[in-house]
Amino acid sequence: EANFKTTGSIQAGTDTNVTLVVRETDTIKDAIGTGIIVEADEIEVKGNVGANAMVKANEVIIGGQTHQKAKIYAKNAKISIHIGKVEAENVEIDRLEGGNVVAKRVKINSVVGGSITAQNIQINTLGSNCTITASHLIDVRYLRGTDNKFIIDTSKMPESAEATQEQLNKIENTKAELASLLKNIETKKNVINENKDSIYTIKAKVEELSKAKVIPPVTFMKKLKEYQQLVHEYNALLKEFREKKAAIAELRGEITNIQEGIFNSKVINHSNWREFNEIKFRLVDPARDITYSTRENEIARIITIAKVETEDGDIDYVIKKKNNAKKA
């Protein structure tokens, strides 16, 4: 047992060859007590993980249940009953009861509420009130509940969320800069147009005086110089405007590449659908949700999203349904 009274926190480090086995046979007590941190290369917990406890290892096996405020960090995690939070590359859970899961690949036997975010998610039996977010696949063998949200959103994956948000922030900032530039450009353009005729008159007079070998008035030369500077500034602003528009196009292209995977993603339910379950495909830029609400006893084994061209030549998005999951 690991607690403040007997051992305190045990932090051997994940880059060691240390394996820890923490055992507590009394189901009323926690194998890892409240607020304890346990860190090693491999950790096996034969019992429960308490409130505000943290388990960190490359390989984690928890035979009991995790408290709602417990946190698990691992490369590979196997948990019997999960109520807390786990972040890992691969997660296997026997029963998820309102816990939070963030990973790349997730396999869960039974789900009773909670939140799951991963590239690929496989669930044997799904109850109610769960939010399931994936980038590639959500696969459910038996759907038994309602009020579940199935979300396909590539931007919410741990490996791309930060980069996507950064791109979106850059786009918004650049758009704000473009608006300011455009206002400045319009102001200078109006001044240039308003003074164009008088400048042409002054220029013609200067040329005439020069041919007559008469020095033009200083005020004439000053006005010409000011006008030329104004045109120079205007052209510089136009160039900056075009560069920022190109930058936005490039940023949007990068986001498009990130979210293109959505068109190869699938939501699979091998059983009949229950009503009040929602399937949502989320586009990042432009921000848009394509949503489908299931009907009671509906048979639609595979649900995907596809691009279609409208009569006006624009691109729209539609939900596609198939009934043969073996072809998925």
Pair up each side-chain donor or acceptor in residues 234-252 with any protein partner under 3.5 Å, not counting sequence neighbours, and list the distances.
from   : atom 1 : to     : atom 2 : distance (Å)
Asn235 : ND2    : Val231 : O      : 3.3
Lys244 : NZ     : Glu177 : OE1    : 2.8
Arg252 : NE     : Asp285 : OD2    : 2.8

Which pairs would a plain distance check flag for residues 61-75, meaning a side-chain donor or acceptor within less than 3.5 Å of a matching protein atom at least two apart in sequence or in another chain?
from  : atom 1 : to    : atom 2 : distance (Å)
Thr66 : OG1    : His82 : ND1    : 2.9
Thr66 : OG1    : Ile83 : N      : 2.9
Thr66 : OG1    : Gly84 : N      : 3.1
His67 : ND1    : Lys69 : N      : 2.9

May I have the list of side-chain donor-acceptor pairs in residues 210-227 shorter than 3.5 Å, sequence neighbours left out?
from   : atom 1 : to     : atom 2 : distance (Å)
Ser210 : OG     : Val206 : O      : 2.8
Tyr227 : OH     : Ile192 : O      : 3.3

In residues 7-14, what donor-acceptor pairs under 3.5 Å come from side-chain atoms, sequence neighbours left out?
from : atom 1 : to    : atom 2 : distance (Å)
Thr7 : OG1    : Asn3  : N      : 3.3
Thr7 : OG1    : Asn3  : O      : 3.4
Ser9 : OG     : Ile37 : N      : 3.0

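Side chains of Asp289 and Thr291: a donor-acceptor N/O pair is absent below 3.5 angstrom, by distance only. Thr310 and Asp312 form no side-chain donor-acceptor contact under 3.5 Å, judged by distance and modelled atom types alone. For the residue pair Tyr292 and Lys321, a side-chain donor N or O sits within less than 3.5 Å of a side-chain acceptor on the partner.
Within 6.0 Å of atom CZ in Phe263, more than 12 heavy atoms from other residues, nucleotides or ligands are found, so the atom counts as buried in its surroundings. With a 6.0 Å radius and a threshold of 12 heavy atoms from other residues, nucleotides or ligands, Arg144 has its CZ atom above the threshold. Counting heavy atoms of neighbouring residues, nucleotides and ligands inside a 6.0 Å radius, atom CG of Asn193 exceeds 12 of them.
Within the structure, the ring-ring contact (aromatic ring centres under 6.0 Å, His included) test picks out the following pairs touching residues 107-150 (sequence neighbours left out): Phe150-Trp273.
For Asn76, the side-chain hydrogen bond (donor to acceptor under 3.5 Å, both in side chains) test picks out Glu59, Asn90, with sequence neighbours left out.
Listed for the Ser128 side chain is a donor-acceptor partner under 3.5 Å among the backbone atoms of Thr146.
Taken from SG in Cys130 to CD in Glu97, the straight-line distance is 12.5 Å, to the nearest 0.5 Å.
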